[in-house]
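The structure appears below as structure tokens.
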Amino acid sequence: MKVLWHYIKWLLLPLGIGHLLVVWLRNKFYDKNIITKQQLPRPVISVGNVQMGGTGKTPLVLALIELLQANGKTVAVLTRGYKRKSQEDIIATSEQLEFSQKQIGDEPAIILSNLQNGVLGVGANRYDVGKKILAAHPVDIFILDDGFQYRKLHRE
């Protein structure tokens with residue numbers, strides 16, 4: 001089995017290098033504004049990490065929500081909703097706790113329960129979800145949850 005794994009690693013190496021090149025080029029295009037970022041008319045704070053899972057992103061988002069709300073800010077959190085069952089965009093206010101974890105995802109459900117007078121937006125295109133939120137709710141600031149890889153949206 002060890003010998004087989006050794007050969008598989010070498011066979012997959014070109015794919016890994018190709019993926020690295022594509023990601024590097026994409027980031028360069030965003031850095032040079034060849035691919036333009038969309039900007040919401042409110043400040044956006046991005047919380048993320050280069051690793052997936054278990055690095056403290058959600059607790060940091062919760063701490064930011066608490067801090068901003070304590071200072072009188074109305075907060076909207078934008079998230080993709082990892083492992084959620086529904087594919088449509090979902091916008092939920094702090095009064096709408098009836099959304100299940102299956103509908104919006106585990107971490108967004110936790111975030112929603114911590115929002116006071118805030119809004120949670122769940123969707124693949126966080127810019128579009130942010131615009132929908134602004135059309136219906138007064139928001140002072142956005143928090144982009146797990147947003148380091150989501151380069152489409154300008155953030156402060």
Side-chain angles (χ1 to χ4, degrees), residues 15 18-156:
L15 292 174
H19 179 263
L20 181 66
L21 179 64
V22 168
V23 170
W24 180 81
L25 276 172
R26 176 181 166 266
N27 285 332
K28 285 296 173 194
F29 287 168
Y30 273 113
D31 292 344
K32 303 264 186 216
N33 289 322
I34 295 168
I35 302 175
T36 58
K37 298 173 190 161
Q38 298 168 311
Q39 187 166 4
L40 291 169
R42 301 289 184 280
V44 176
I45 298 172
S46 179
V47 175
N49 197 325
V50 293
Q51 294 181 325
M52 289 178 55
T55 58
K57 294 181 294 279
T58 300
L60 180 58
V61 168
L62 296 175
L64 282 170
I65 290 169
E66 185 179 334
L67 177 70
L68 292 166
Q69 289 178 153
N71 285 292
K73 302 293 182 190
T74 303
V75 179
V77 178
L78 301 173
T79 184
R80 186 172 65 104
Y82 183 68
K83 290 189 177 181
R84 68 187 174 116
K85 299 295 180 196
S86 64
Q87 295 302 311
E88 72 276 353
D89 293 343
I90 296 174
I91 296 171
T93 63
S94 51
E95 294 86 31
Q96 297 172 303
L97 295 177
E98 73 272 3
F99 284 102
S100 72
Q101 290 179 344
K102 287 183 180 180
Q103 286 176 293
I104 62 176
D106 294 344
E107 291 177 353
I110 293 168
I111 291 168
L112 180 60
S113 68
N114 281 272
L115 284 169
Q116 301 166 357
N117 302 320
V119 184
L120 174 73
V122 182
N125 187 326
R126 266 89 21 123
Y127 173 77
D128 287 347
V129 173
K131 293 293 279 183
K132 289 176 186 176
I133 288 172
L134 286 173
H137 304 279
V139 171
D140 296 314
I141 193 162
F142 286 95
I143 298 175
L144 183 57
D145 180 41
D146 201 9
F148 278 16
Q149 292 80 23
Y150 192 74
R151 300 283 312 262
K152 291 180 186 179
L153 184 60
H154 174 79
R155 68 287 306 267
E156 281 64 39

Pairs under 3.5 angstrom only: tabulate donor-acceptor contacts from the side chains of residues 18-35 to other protein residues two or more places apart or in another chain.
residue, atom, partner, partner atom, Å
R26, NH2, Q149, O, 3.0
N27, OD1, R151, NH1, 3.0
N27, ND2, V23, O, 3.4
D31, OD1, R151, NH2, 2.7

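With rounding to the nearest 0.5 Å, the separation of OG in S46 from NZ in K57 is 11.0 Å. Interatomic distance, CG of N125 versus CZ of R80, reported as 13.0 Å (0.5 Å rounding). Going from atom CG of L60 over to atom CD1 of I45 covers 9.5 Å, rounded to the nearest 0.5 Å. To the nearest 0.5 Å, atom CG of residue D145 and atom CD1 of residue I65 are 8.5 Å apart. Atom CD of Q38 sits about 9.5 Å away from atom NZ of K131, to the nearest 0.5 Å. Atom CG of L112 sits about 7.5 Å away from atom OG1 of T93, to the nearest 0.5 Å.
E156 contributes a side-chain N or O that, together with a main-chain N or O of V44, makes up a donor-acceptor pair within less than 3.5 Å. Side-chain atoms of R42 come within 3.5 Å of backbone atoms of V139 as a donor-acceptor pair (strictly under, hydrogens ignored). Not a single donor-acceptor pair under 3.5 Å links the side chain of Q116 to the backbone N or O of Q69.
L40 and L134 make their closest contact through CD2-CD1, 4.5 Å (heavy atoms, listed as atom of the first residue, atom of the second, distance). Taking every heavy atom of both residues into account, I91 and H137 meet most closely at CG2-NE2, 4.2 Å. The two residues I143 and L64 make their nearest non-hydrogen contact at CD1-CB, 3.8 Å. When all heavy atoms of I110 and L62 are compared, the closest pair comes out as CG2-CD1, 3.9 Å. The two residues T79 and P108 make their nearest non-hydrogen contact at CG2-CG, 3.7 Å. Summarising the geometry of Q39 relative to Y127, their closest heavy-atom pair is O-CE1, 3.7 Å, with the distance given to 0.1 Å.
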Quiz item: L78 and L153: side-chain contact (heavy atoms from CB on, under 4.5 Å), yes or no, with the steps?
Solution: CA-CA 11 Å; L78 301 173; L153 184 60; 4.0 Å; yes

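Within a 6.0 Å radius of NZ in K37, other residues, nucleotides and ligands contribute more than 12 heavy atoms.
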